[in-house]
Enquirer: 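Okay, handing you the structure first.
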Amino acid sequence: MNNVAERPLNGDVEDDDEDDGGGLEAWERTYAEDRSWEALQEDESGLLRPIDTTAIYHAQYRRRLRTLAATAATARIQKGLIRYLYIVVDLSKAASERDFRPSRMAVMGKQVEAFIREFFDQNPLSHVGLVTIKDGIAHCITELGGSPESHIKALMGKLECSGDASLQNALELVLGYLNQIPSYGHREVLILYSALSTCDPGDLMETIQKCKKSKIRCSVIGLAAEMFVCKHLCQETGGTYSVALDESHFKELILEHAPPPPAIAEYATANLIKMGFPQRSAEGSVAICTCHEEAKTGGGYTCPRCKVRVCELPTECRVCGLTLISSPHLARSYHHLFPIVMFDEVTPSSQNDSNHSFPNTCFGCQQSLLSQEVKRRRIEVL
């Protein structure tokens, strides 16, 4: 029996006695998997043009913002400014599937990086920690902290998938960390789940009830099909459960968790929190940084209570436990409590309406709001 092999474009060798993708060549299967023809449309002249999905996504994003703003306006919803969020990334063997290009693991790594940056931009007083699941074990990559670069660097060095996923081990691990959070902190878990099963050492339902009792909000974004246990977890803890259809949909789902969710009823009471506003140290001074436990020259900030050095803000002093922030961080957190009123979009056709008078420039940046066609018409009239 002759063993005939074909070398595809990506360098992998596949035997002809395996599934050959419906009789397609290697280069044809690449385009078939991407389904690139669905991103084309016919214009007025009969030519094929790529679909501009940016405008579609922008319109959908604005609709979601308008809906959220309308909901917040009709009901007084309290939101937590200080959040403690653990991101659980499923790196089991299911993450190596290629229904997301190039793989589920690569897509999750890319979108988690974007989410961490967006999260700290909208929640400067909050903290994030990273946990991965592989080989039936949950590993804590980074503890709760406020440095996005350290989280991203640690995650990119651990992107390897193997074994099975264990949802219970992940919940037990984050449960132990979040139980130490003070009462004013809002405890959250965001799980990015690739597998269709979970390999647990005990009763997962008991762990879910522990999370509910500890007031931990658990949300899950699935990359495969819907699972009952994930849906039950979110329903019991007050989180959200959704399944991503493709990479763009996955990006929308994960970024929806960046703004703070409504506070749990037990956390809706007011709390007074001691915070320190440290001054930046002199550039020529030498001191031991408590963050990295090494001597550093210049830069950093000095704790106003115990006078130790820290590298960046916001953070928590490791000596006296005082929360250290800067005034811009506190000011940026207020936009969730007092959201800006949604703007009304003005179309170019409405600018020609004589019944309405619109300003020609933006009140903030003073840039012109008129399109080129409107400018040309006004010049012709003058």
Side-chain angles (χ1 to χ4, degrees), residues 78-87 116-131 139-155 157 173-189 214-216 258 260 263-264 266-337:
Q78 296 189 12
K79 295 185 177 182
L81 296 183
I82 303 179
R83 305 166 62 189
Y84 293 88
L85 171 68
Y86 265 103
I87 304 175
I116 291 176
R117 299 186 188 279
E118 180 68 17
F119 179 86
F120 282 112
D121 183 65
Q122 297 197 31
N123 307 271
L125 303 181
S126 301
H127 296 76
V128 166
L130 291 177
V131 172
H139 305 270
C140 182
I141 300 180
T142 59
E143 296 182 356
L144 291 169
S147 175
E149 298 301 330
S150 61
H151 294 305
I152 294 172
K153 182 179 179 181
L155 177 64
L173 180 63
V174 299
L175 187 63
Y177 288 118
L178 292 178
N179 278 337
Q180 305 174 12
I181 298 303
S183 60
Y184 59 79
H186 293 260
R187 309 168 187 179
E188 302 175 42
V189 178
S214 299
K215 301 179 179 62
I216 299 176
I264 299 177
E266 287 79 0
Y267 287 164
T269 58
N271 291 284
L272 296 178
I273 306 170
K274 287 186 178 181
M275 293 187 176
F277 297 87
Q279 295 182 352
R280 188 169 180 83
S281 305
E283 293 297 331
S285 61
V286 180
I288 297 179
C289 170
T290 57
C291 305
H292 304 88
E293 299 180 354
E294 60 183 17
K296 290 190 176 182
T297 304
Y301 302 87
T302 303
C303 176
R305 176 184 287 177
C306 60
K307 308 302 180 182
V308 300
R309 180 77 62 88
V310 295
C311 289
E312 56 190 10
L313 299 177
T315 187
E316 186 175 300
C317 180
R318 296 193 176 185
V319 176
C320 63
L322 182 65
T323 302
L324 304 178
I325 64 171
S326 63
S327 54
H329 291 147
L330 193 60
R332 282 165 49 196
S333 300
Y334 280 167
H335 74 279
H336 295 298
L337 301 179

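The basis for the numbers below is simple: all heavy atoms, side chains too, and nothing from hydrogens, waters or symmetry mates.
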Enquirer: Would the distance check show the side chain of N179 and the main-chain N or O of L175 forming a donor-acceptor pair, the cut-off being under 3.5 Å?
Expert: yes
Enquirer: List the steps, then state whether side-chain contact (heavy atoms from CB on, under 4.5 Å) holds for I325 with F277.
Expert: CA-CA 6 Å; I325 64 171; F277 297 87; 3.8 Å; yes
Enquirer: Kindly indicate whether the side chain of R318, heavy atoms from C-beta on, has any atom under 4.5 Å from the side chain of V308.
Expert: no
Enquirer: Between OH of Y86 and CD of E188, what distance do you get to the nearest 0.5 Å?
Expert: 13.5 Å
Enquirer: Any non-hydrogen side-chain atom of P304 less than 4.5 Å from a side-chain atom of L322?
Expert: yes
Enquirer: Rounded to the nearest 0.5 Å, how far apart are OG of S150 and CD1 of I141?
Expert: 11.5 Å
Enquirer: Output the distance between atom CG (L125) and atom CZ (R83), rounded to the nearest 0.5 Å.
Expert: 11.5 Å
Enquirer: Looking at every non-hydrogen atom in both residues, tell me the closest pair between P182 and R187 and how far apart they are.
Expert: O-NH2, 4.4 Å
Enquirer: Looking only at heavy atoms, what is the nearest atom pair of L178 and V189, with distance?
Expert: CD1-CG2, 3.8 Å
Enquirer: Under the side-chain contact (heavy atoms from CB on, under 4.5 Å) criterion, do H151 and F120 qualify, and how do the steps go?
Expert: CA-CA 11 Å; H151 294 305; F120 282 112; 4.1 Å; yes
Enquirer: For R309, which residues count as a salt bridge (charged side-chain N to carboxylate O under 4.0 Å, His left out) partner, sequence neighbours excluded?
Expert: none
Enquirer: For a quick test of reading the model, state the closest non-hydrogen atom pair linking Y177 to L173 and the distance between them.
Expert: CD1-O, 3.2 Å
Enquirer: Which is it for L324 and C303 under the side-chain contact (heavy atoms from CB on, under 4.5 Å) test, yes or no, and what are the steps along the way?
Expert: CA-CA 7 Å; L324 304 178; C303 176; 4.1 Å; yes
Enquirer: When you measure from the side chain of T323 to the backbone of M275, do you find a donor-acceptor pair of N or O atoms at a distance under 3.5 Å?
Expert: no
Enquirer: According to salt bridge (charged side-chain N to carboxylate O under 4.0 Å, His left out), who are the partners of R305, at least two apart in sequence or on a separate chain?
Expert: none
Enquirer: Give, for atom CG of L144 and atom CD of E316, the distance between the pair rounded to the nearest 0.5 Å.
Expert: 10.0 Å
Enquirer: Do the side chains of S147 and E312 get nearer than 4.5 Å, heavy atoms only?
Expert: yes
Enquirer: Which atoms form the tightest heavy-atom contact between H127 and G146, and what is the distance?
Expert: CD2-N, 4.0 Å
Enquirer: Working to the nearest 0.5 Å, report the span between CG of L85 and CG of N123.
Expert: 9.0 Å
Enquirer: Nearest 0.5 angstrom please: D121 CG to I116 CD1, how far?
Expert: 13.5 Å
Enquirer: Show the nearest heavy-atom pair for residues C311 and C289, with the distance to one decimal.
Expert: SG-SG, 2.8 Å
Enquirer: My understanding is that only residues two or more places apart in sequence, or in another chain, count here; which of them pass side chain to side chain contact (heavy atoms under 4.5 Å, CB included) with S326?
Expert: L313, P328, H329
